[in-house]
Amino acid sequence: MRIAMVGAGYVGLVSGACFSEFGADVVCVDTDAARIARLQAADMPIFEPGLPELVRNNMAAGRLSFTTDLAAAVNGADAVFIAVGTPSRRGDGHADLSYVEAAASQIAPLLKGFTVIVNKSTVPVGTGRRVAEIITAAGGRDFAMVSNPEFLREGSAIGDFMRPDRIIIGSDDDRARAVMREIYRPLFLRETPILFTDLETAELAKYAANAFLALKITFINEIADLCEKVGADVQDVARGIGLDGRIGAKFLHPGPGFGGSCFPKDSRAVVRTASDAGAPLRLVETLLQVNEQRKQAMAGRIIAALGGTVRDRRIAILGLTFKPNTDDMREAPSLHIIPALQAAGAHVCAYDPEGMDEARPLLPGVQWCTDSWQALTGADALVIVTEWNEFRGLDLARARRLMRQPVLIDLRNIYSPADAAQQGFRYTSLGRPPGIPAAEAPPTDTPTTGDHPSS
Ligand code: NAD
């Protein structure tokens with residue numbers, strides 16, 4: 001099986017590497033010559049755990065290669081995957097399909113013999129048919145369209161790809177289905193559920209999944225706000241509802257609002273599709289507003305925790321990326337929080353294990369630190385924005401010694417209020433009672449909330 005993967009970003013690179021691991025011959029092609037040059041030298045342009053080894057092994061085995069030459073990649077391919085970006089179109093929230101359409105027109109004249117064109121990018125309903133029209137108009141004849149949306153998560157992308165909850169394949173062409181069955185054969189053998197459906201259903205399923213997950217996050221964030229008002233503990237509420245099999249425990253961790261390359265833009269895109277189709281998705285419209293307001297409100301919480309002003313205060317921010325185990329900064333909450341603190345007069349010093357190269361051009365005026373301890377030295381407050389593992393087990397006593405004021409604002413609930421208070425911190429988290437420093441606490445037993453790591 002020969003596969004051309006058009007686009008070597010998060011999805012194209014991971015998918016291409018995993019298909020080569022399954023035994024296919026894969027050529028990844030990208031218009032970004034610098035990216036391809038790095039990949040040809042087995043140097044990863046993105047941070048993704050396990051990816052360097054997977055790429056190197058399959059390059060060495062001769063099953064995976066990288067090029068900017070689309071004709072060479074498409075030549076002899078049984079399937080050409082399109083995995084280019086579909087960002088939000090400026091202004092109206094529609095998915096920008098210009099990269100998909102450009103790829104389709106470039107591929108069309110290169111097709112020789114029956115080829116399956118597989119759309120892996122997240123695209124609005126109708127795009128598969130539109131791509132088929134573009135290819136036909138540009139002279140492509142013997143081909144069939146498939147929609148095969150991707151559900152991997154950055155940070156655990158390889159595991160997600162190799163052991164997916166399901167695969168969705170949308171096509172009305174039997175030959176295309178047979179090719180897709182062959183490509184995913186190793187997963188068929190592992191009895192991965194595979195849903196064969198039509199193009200439109202496959203396209204919409206991806207958006208419906210992301211909108212639903214975004215809804216779950218937004219719901220627990222609002223419940224966290226309510227907990228604060230009524231004196232309840234959101235961690236226990238989440239556990240109490242998540243143990244119900246109909247609800248499930250995942251995506252019930254409160255935070256500073258979701259970001260990333262998918263949930264915001266895909267929720268916006270499906271809202272546009274729905275409104276154009278005359279079937280508005282009012283829940284999704286609302287969650288987008290709630291999430292945006294939440295990201296903007298987070299700086300206010302930090303300012304309140306410092307007594308109402310951050311002017312000339314030094315604030316240590318730990319974590320910048322939209323989630324741990326990625327260097328992706330797209331729509332990260334830190335992009336709202338840090339400029340708002342700076343506008344209020346704070347001096348922000350920040351550290352992130354992998355995200356600082358991406359973050360630097362987006363966050364002017366920040367002092368970039370080499371580790372957590374440098375960021376904490378002389379700080380008036382520590383703010384956990386992204387729950388990287390290395391921040392979960394910080395030596396709080398050492399942090400306390402380095403800081404000017406013992407203020408900890410935990411926007412991911414990775415510490416227990418009791419532990420933070422015991423170390424002398426004034427502790428603020430989301431949806432839980434605040435921690436009172438041991439020195440100021442009344443002489444009763446401090447209630448513990450147990451260990452509730454967020455994911
Ligand atoms: P990305 O921006 O990381 O990568 C896209 C790549 O495509 C870039 O390297 C770009 O140079 C290349 N490209 C653009 N036009 C090209 C062309 N004509 N020919 C060759 N290369 C071209 O994007 P991504 O995060 O991989 O997302 C790709 C698609 O997958 C999007 O639709 C996204 O919504 C979807 N998706 C992303 C994720 C994720 O976690 N990132 C998960 C599931 C689905």
Side-chain angles (χ1 to χ4, degrees), residues 4-18 27-39 44-49 51 66-74 80-89 94-110 117-124 127-128 131 134-135 138 147-161 164-168 202-203 205-207 209-211 213-214 258-270 321-323 325-332 358:
M5 185 65 66
V6 181
Y10 277 93
V11 166
L13 180 53
V14 170
S15 307
C18 289
V27 183
C28 293
V29 56
D30 203 292
T31 43
D32 182 339
R35 174 173 284 254
I36 290 298
R38 286 185 68 174
L39 285 165
M44 295 307 106
I46 55 169
F47 174 78
E48 182 61 42
L51 188 62
F66 301 95
T67 182
T68 52
D69 183 350
L70 182 66
V74 169
V80 178
F81 281 73
I82 299 176
V84 300
T86 49
S88 278
R89 206 162 63 188
H94 265 298
D96 176 356
L97 293 176
S98 57
Y99 299 100
V100 172
E101 292 177 355
S105 339
Q106 290 152 8
I107 292 162
L110 304 171
I117 309 294
V118 188
N119 206 345
K120 219 175 209 339
S121 298
T122 302
V123 291
T127 305
V131 166
I134 291 172
I135 294 178
S147 166
N148 173 217
E150 183 49 56
F151 295 92
L152 62 78
R153 295 162 299 172
E154 291 174 19
S156 55
I158 291 163
D160 289 347
F161 196 94
D165 291 335
R166 77 318 207 170
I167 295 163
I168 300 185
E203 288 168 342
K206 170 67 189 176
Y207 282 107
N210 275 0
L213 293 171
F258 63 77
S261 61
C262 293
F263 288 175
K265 84 166 171 67
D266 292 349
S267 301
R268 286 193 291 267
V270 76
T321 50
F322 82 93
K323 68 171 183 178
N325 292 325
T326 180
D327 56 357
D328 200 333
M329 284 294 297
R330 287 180 273 189
E331 305 209 28
E358 293 291 320

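Scope of the values below: all heavy atoms of this structure, side chains included, with no hydrogens, waters or symmetry mates. Just follow the structure's listing: the first ligand is 1, and inside any ligand the first atom is 1.
- Listed by number with element, the atoms of ligand 1 under 4.0 angstrom from any heavy atom of E150 are 43 (C), 44 (C).
- Just one of H94, R268, K265 meets the side chain to side chain donor-acceptor pair (under 3.5 Å) condition when paired with S88; it is R268.
- Note on ligand 1: S261 sits in its first shell, one or more heavy atoms being nearer than 4.0 Å.
- The CD1 atom of I135 sits 6.0 Å away from the CD1 atom of I107 when rounded to the nearest 0.5 Å.
- For atom 18 (N) of ligand 1, the nearest non-hydrogen atom from the set R35, Q106, M5, K120 comes from Q106.
- Heavy-atom neighbours of F151 CZ from other residues, nucleotides or ligands within 6.0 Å: above the threshold of 12.
- In summary, the atoms of ligand 1 found under 4.0 Å from a heavy atom of E154, numbered by their order in the structure, are 39 (C), 40 (O), 41 (N).
- Residue K265 approaches ligand 1 through these ligand atoms, each under 4.0 Å from one of its heavy atoms: 33 (C), 34 (O).
- Between the N148 side chain and the K120 main chain, no donor and acceptor come within less than 3.5 Å of each other.
- Not a single heavy atom of R153 lies less than 4.0 angstrom from ligand 1.
- Atom 29 (C) of ligand 1 has V84 O, 3.3 Å as its closest protein atom, hydrogens excluded (heavy atom only).
- Remark: side-chain polar atoms of T67 are not paired, donor with acceptor, to backbone N or O of V29 under 3.5 angstrom.
- The main-chain N or O of E101 is found under 3.5 Å from a side-chain atom of S105 such that the two form a donor-acceptor pair.
- Annotation: atom 5 (C) of ligand 1 to nearest protein heavy atom, G85 N, 3.7 Å.
- If you check which protein heavy atom lies closest to atom 9 (O) of ligand 1, you get D30 OD2, 2.7 Å.
- Judged purely by distance below 3.5 Å, without hydrogens or angles, the side chains of E154 and S261 pair a donor atom with an acceptor atom.
- For R153, the CZ atom counts as loosely surrounded, since its 6.0 Å shell holds 12 or fewer non-hydrogen atoms of other residues, nucleotides or ligands.
- Among all non-hydrogen protein atoms, the one lying nearest atom 4 (O) of ligand 1 is G9 CA, 3.2 Å.
- When side chains are defined from C-beta on, Y10 counts as touching D328, because their heavy atoms get closer than 4.5 Å.
- Within ligand 1, counting atoms from 1 as listed, the ones closer than 4.0 Å to a heavy atom of K206 are 43 (C).
- Shown in contact with V6 at under 4.0 Å from a heavy atom are these atoms of ligand 1, numbered in order with element: 19 (N), 20 (C).
- Residue contacts with ligand 1, taken as heavy atom pairs separated by less than 4.0 Å, do not involve A157 at all.
- Taking the side chain as every heavy atom from C-beta outward, Y99 and P87 approach each other to under 4.5 Å.
- In the vicinity of T86, heavy-atom distances shorter than 4.0 Å reach the ligand 1 atoms 31 (C), 32 (O), 34 (O).
- By the criterion of a heavy-atom distance under 4.0 Å, the side chain of R330, and not its backbone, is placed next to ligand 1.
- Counting protein heavy atoms only, atom 3 (O) of ligand 1 is closest to Y10 N, 3.3 Å.
- A donor-acceptor pair is defined here as one N or O able to donate and one able to accept, closer than 3.5 Å; no such pair exists between the side chain of T127 and the backbone of V123.
- The protein atom (non-hydrogen) at minimum distance from atom 30 (O) of ligand 1 is V11 CG2, 3.5 Å.
- Residue T122 has at least one nitrogen or oxygen atom sitting less than 3.5 Å from a nitrogen or oxygen atom of ligand 1, judged on distance alone.
- Protein heavy atom in closest approach to atom 17 (C) of ligand 1: T31 CG2, 3.7 Å.
- Nearest to atom 7 (O) of ligand 1 among the protein's heavy atoms is G7 CA, 3.5 Å.
- The backbone N or O of P45 lies less than 3.5 Å from no partner atom in the side chain of R35, so there is not a single donor-acceptor pair.
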